[in-house]
K.L.:
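Below is one structure. I have some questions about it.
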Amino acid sequence: MGLDFSVVPDYLDVIFLGALWTIAITVGAAVLSFFGGIFFAVIALYAPTLVRLPLRAFEWLFMGTPLLLQLFLIYFGLVQIGIDLPAFVAGVVGLGLHFAVYNSELIQTAIVAVDKGQMEAARTVGLSRGQALRKVVIPQAVRDVIPPIGNNMIALLKDSALVSVIGVTELTLSAQLAIGRTYRPFEFYVVAALFYYIINLGMEAVLRRIERRVQAAR
Amino acid sequence: MDTEKPFVDIRHAQKSYGSLEVLKDISLKVNRGEIVAIIGPSGSGKSTLLRAINDLDPLTGGEVWLEDVQVNKTLPHRQYEKHINHVRQNIGMVFQHFNLFPHLNVRENITLAPRMLKGLTVDEANTLAEEQLDKVGMLERIDYYPSQLSGGQKQRVAIARALAMKPKVMLFDEATSALDPELVEEVNLVMKKLAEEHMTMIIVTHEMGFAESVCDRVLFMDQGVVVEEGPPSVIFRNPENERTKNFLRKHLASNKE
């Protein structure tokens, strides 16, 4: 049985739709992981112990267990306590929180590394600590970690394939559906890989643009 | 001139880190429009004293007053934060290392606090920034980022940033110490201009010539106490205290090298 790519065009619409879902999940989870990362970092550094400890447990859950298990827990497990999320939302939340924890680690380090004089200067003109963090310290910290956060976002794109197991017809699951009808795994996995590659290129281009814009203001 | 109350009034300031006493019962009264220089060897506590005035380095004892408001009064945390943020708007501070916000351009550095705290519109804030930059001779650099400026230019922008809050008093913490010698003069000129406008200023400095030409009064500090204080002509020309004489002699010698 040789390779036969002639069946691919018939399923291109399915694959294409799957790619759009992959993009939607990735963008949603990336945004959540970015702002969630800042939020967790601020809590980890400045919140009282009573708030910090539950967050630590949460961090352990997301860093110390497989992402696949986290997705199962959010999609199938939470239903039992009355939280019934659509698969797409569960996927975005799972991926987003998972990577928020990793981003938080990066952002925490960067916040601590911002020169103390920045906070002092902001406080001496009368800004509160919260205002100084928001307008002076955090923007600088985030700028410093945009490249490593970008790496996390590329990893997020690739891990979005895991969301297929909770039934989101994203790129990988779409390829599988096409394979189910045609029994042509090699052809469709290669096509899916090609789509991932193209999305990846697009993402890197966006990241480069953000980095360039940020570099100008240093 | 009437016999007004002191504008800045430091009463029995004490500061210690554990058993190390940095400030030992220092009192200092500064009148409105007066310019006071604080000199002394490093580790004498002069920066600590200056930073106690806006409570950046809180005192462990004593009081700081600005007009009729106690800066470091005892309040529950939240109320204190509100109080101190308000008080600090009246106290401009300039740092040795400028501390401009590198992610903001010159205009945004200046307008950030007035817009957030005084509710100025974009137009009002821009006008304010232009006024203050014009004053320090940096108007044409309004759209530059700090990284594109020389040290002297950065410090002039930092002064404009502090002035934009219309402070009642300006604190200078070794404002020219980090500058290349040829850049010191442009910052000194700005400070002289402020002096001519009768801004109340407290200046921690190593620039004895500048202190002598601009200041009304000089304090010499050593090991957490004010050793000697008086008009610059006396402190620099005829100091009484042995420690003052020693410090000035050493300082003069090191400057001639």
K.L.:
Is any side-chain heavy atom of A/V136 closer than 4.5 Å to a side-chain heavy atom of B/L112?
P.N.:
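A side-chain contact exists here, since the closest heavy-atom pair is under 4.5 Å.
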K.L.:
Non-hydrogen atoms of chain A under 4.5 Å away: do they reach the side chain of B/E81, the backbone, both or neither?
P.N.:
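Contact with chain A is through the side chain of B/E81 alone.
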K.L.:
Report which part of B/L100 has an atom under 4.5 Å of a heavy atom belonging to chain A: side chain, backbone, both, or neither.
P.N.:
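For B/L100, backbone heavy atoms alone lie under 4.5 Å from chain A.
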K.L.:
Quick one: side chain to side chain contact (heavy atoms under 4.5 Å, CB included) partners of B/R141, sequence neighbours excluded?
P.N.:
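Side chain to side chain contact (heavy atoms under 4.5 Å, CB included) check on B/R141 returns B/M138, B/Y144, B/L149, B/Q153.
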K.L.:
Would you say that more than 12 heavy atoms from the other residues, nucleotides or ligands in this model lie under 6.0 Å from the CG of B/L20, or not?
P.N.:
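Enclosed: over 12 neighbouring heavy atoms sit under 6.0 Å from CG of B/L20.
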K.L.:
Show every ring pair (Phe, Tyr, Trp, His ring centres under 6.0 Å) that has at least one partner inside residues 12-33 of chain A, sequence neighbours left out.
P.N.:
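Applying ring pair (Phe, Tyr, Trp, His ring centres under 6.0 Å) to every pair that reaches into residues 12-33 of chain A, excluding sequence neighbours, yields A/W21-A/F88.
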K.L.:
Is it the case that over 12 heavy atoms from other parts of the model lie below 6.0 angstrom from the OH atom of B/Y80?
P.N.:
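Enclosed.
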K.L.:
Pick one of side chain, backbone, both or neither for B/F101, based on which atoms fall under 4.5 Å of a heavy atom in chain A.
P.N.:
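Answer is both: backbone and side chain atoms of B/F101 are under 4.5 Å from chain A.
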K.L.:
Quick one: does any side-chain atom of B/H103 pair with a main-chain N or O of A/K135 as donor and acceptor, under 3.5 Å?
P.N.:
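Yes: the side chain of B/H103 pairs with the backbone of A/K135.
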K.L.:
Decide if atom NZ of B/K29 counts as having more than 12 heavy atoms of other residues, nucleotides or ligands within a radius under 6.0 Å.
P.N.:
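Yes, enclosed.
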K.L.:
For B/L56, is it the side chain, the backbone, both or neither that has a heavy atom under 4.5 Å from a heavy atom of chain A?
P.N.:
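The side chain, not the backbone.
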K.L.:
Output the residues of residues 105-134 of chain A for which the shortest heavy-atom distance to chain B is under 4.5 Å, in residue-number order; output 'none' if no such residue exists.
P.N.:
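Expected list: A/D115, A/G117, A/Q118, A/E120, A/A121, A/A122, A/R123, A/T124, A/V125, A/G126, A/L127, A/S128, A/Q131, A/R134.
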K.L.:
So which residues of residues 52-84 of chain A are in contact with chain B at a heavy-atom cut-off of under 4.5 Å?
P.N.:
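Under the 4.5 Å heavy-atom cut-off, nothing qualifies.
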